[in-house]
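Worksheet: the structure to be examined is printed underneath.
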Amino acid sequence: MPPPPTAALSSSSSLCLFPLSSYSSPKKTQLGFCPSFPFTRLTNFTPARRLMTCSAVSIEKETLISHRPHTFLRETDGLDDGSVRSRFQRMIMEVQDIVCGALEAVDGAGKFKEDAWTRPGGGGGISRVLQDGDVFEKAGVNISVVYGVMPPEAYRAAKANVTDQMPGPVPFFAAGISSVLHPKNPFAPTLHFNYRYFETDAPKDAPGAPRQWWFGGGTDLTPSYIFEEDVKHFHSIQKKACDKFDPSFYPRFKKLCDDYFYIKHRDERRGLGGIFFDDLNDYDQEMLLSFATECANSVVPAYVPIVEKRKNTPFTESHKAWQQLRRGRYIEFNLVYDRGTTFGLKTGGRIESILVSLPLTARWEYDHKPEEGSEEWKLLDACMNPKEWM
């Protein structure tokens, strides 16, 4: 059995991103740590302590708008000043457009429904969902830019060097893109990806304190049936993106991915992995921005050729039933173990955003066991015993 992942409240498979509804204050919206939310350093807190601390993080309530704006950044940030904030925002908006365009082209009939929202103090997001298309049962691609305030406990947890001094509330900035794609054909795999950036500003009673920042994200594949050439293609694209920056990245982030998407009560992984990284700030900031951009831009070439190849493959009711059983595993992970999903549900989060990652249909059978040696058994074996695909 693998050890539990060490990064708490990190990336997830839920798509609520940042816009959660009011939890305890009629004037403020509480911020849940959802898939793209990159506040990942709370590794020494118990679950109860985490919940108490995180529920104190507050942001303003969102307002739906009719058209997406050019930017969600505050004017004080400089709307497009070349900062990491502005370039990361530009990157996730471009990737959302590219991914949605590619998915609509693959589907042929389905179109994304878009909801855009802002907040009075700055920030906002764009949620896009394609549902019940010709190829995709459900596909969500969301971006979010958020400004908020962290309590002292969360700030101390986020600092690299904790001191005895208790800082006051700490302003923070977070931006991310997150997506889950569920095709109809059981031979076409599900995909999840998210990439995010986080900063804290100096607390008001500690002027001049250094700004903290980090990146997180990953892309992972969840098929119902193994086509080895598809899995190798997917992992080769992940490795290629990683190797451009550091040859240690792919093996390191592949293992983190296998460890995070682990369904403990089943003793199996949710799928066949990919890459996953969190709390990443021990390299040059410009290099990591380029790395996150490269990974996000690798989503379409890693995934779309597989779906194009498999979307019209003939299948039987038995194949569909197995896909539905694997969808059940996907749901189990998201609702039981995924930190973003469970936190959002426990704190009164925006339910449509939290659960948009779930498929339209799923299935559970009592004590179901695939026949040893069958294609279904091979998939289950690979989920229980992660393989090296490269």
Do [X] and [Y] come close enough that some side-chain heavy atom pair is under 4.5 Å?
| X | Y | result |
| --- | --- | --- |
| P359 | K138 | no |
| K239 | W389 | no |
| H233 | P305 | yes |
| S178 | H192 | yes |
| F193 | V99 | yes |

_Distance alone, cut at 3.5 Å: any donor-acceptor contact between the side chains of N334 and D338?_
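No, because no side-chain N or O of N334 sits under 3.5 Å from a partner of the opposite role on D338.
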
When rounded to the nearest 0.5 angstrom, what distance separates [atom1] in [X] from [atom2] in [Y]?
| X | Y | atom1 | atom2 | value |
| --- | --- | --- | --- | --- |
| N142 | I126 | CG | CD1 | 9.5 Å |
| F249 | L280 | CZ | CG | 5.5 Å |
| R326 | Q324 | CZ | CD | 12.5 Å |
| S144 | I177 | OG | CD1 | 11.0 Å |
| E228 | K387 | CD | NZ | 9.0 Å |
| D259 | K254 | CG | NZ | 9.5 Å |

Does a salt bridge link [X] with [Y], judged by any charged N lying under 4.0 Å from a carboxylate O?
| X | Y | answer |
| --- | --- | --- |
| R68 | D97 | yes |
| R128 | E104 | no |
| K264 | E332 | no |
| E229 | K232 | no |
| D132 | K184 | yes |

_Aromatic centroids of Y260 and F333 separated by under 6.0 Å_ =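 Centroid separation for F333 and Y260: below 6.0 Å.
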
Measure up the [X] and [Y] rings against each other and bin them: parallel (under 30°), tilted (30 to 60°), perpendicular (over 60°).
| X | Y | value |
| --- | --- | --- |
| Y330 | H182 | perpendicular |
| F291 | F245 | perpendicular |
| F261 | F276 | perpendicular |
| F187 | Y225 | tilted |

Whether [X] engages the ring of [Y] as a cation-pi pair (distance to the six-membered ring centre under 6.0 angstrom, angle to the ring normal within 45°) should be assessed.
| X | Y | answer |
| --- | --- | --- |
| R310 | F227 | yes |
| R196 | F215 | no |
| R74 | Y147 | yes |

Please name the pair of heavy atoms, one in [X] and one in [Y], separated by the smallest distance, quoted to 0.1 Å.
| X | Y | result |
| --- | --- | --- |
| P183 | P189 | CG-O, 3.2 Å |
| I92 | G176 | CD1-O, 3.5 Å |
| G373 | K378 | O-CE, 3.7 Å |

*Residues in side-chain hydrogen bond (donor to acceptor under 3.5 Å, both in side chains) with K240, at least two apart?*
none

*Decide ring pair (Phe, Tyr, Trp, His ring centres under 6.0 Å) for F198 and F173; before the verdict, give the C-alpha distance in whole Å, the side-chain angles of both, and the deciding distance to 0.1 Å.*
CA-CA 6 Å; F198 186 91; F173 168 88; 8.6 Å; no

*Under 3.5 Å, side chain of Q238 to main-chain N/O of G273, donor-acceptor pair present?*
no

*asked:* The criterion is side chain to side chain contact (heavy atoms under 4.5 Å, CB included); which residues satisfy it with E365, sequence neighbours excluded?
replied: L325, R363, H368

_Using a 6.0 Å cut-off, check whether atom CD of E317 has over 12 heavy atoms from anything other than its own residue._
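Counting other residues, nucleotides and ligands, CD of E317 stays at 12 neighbours or fewer.
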
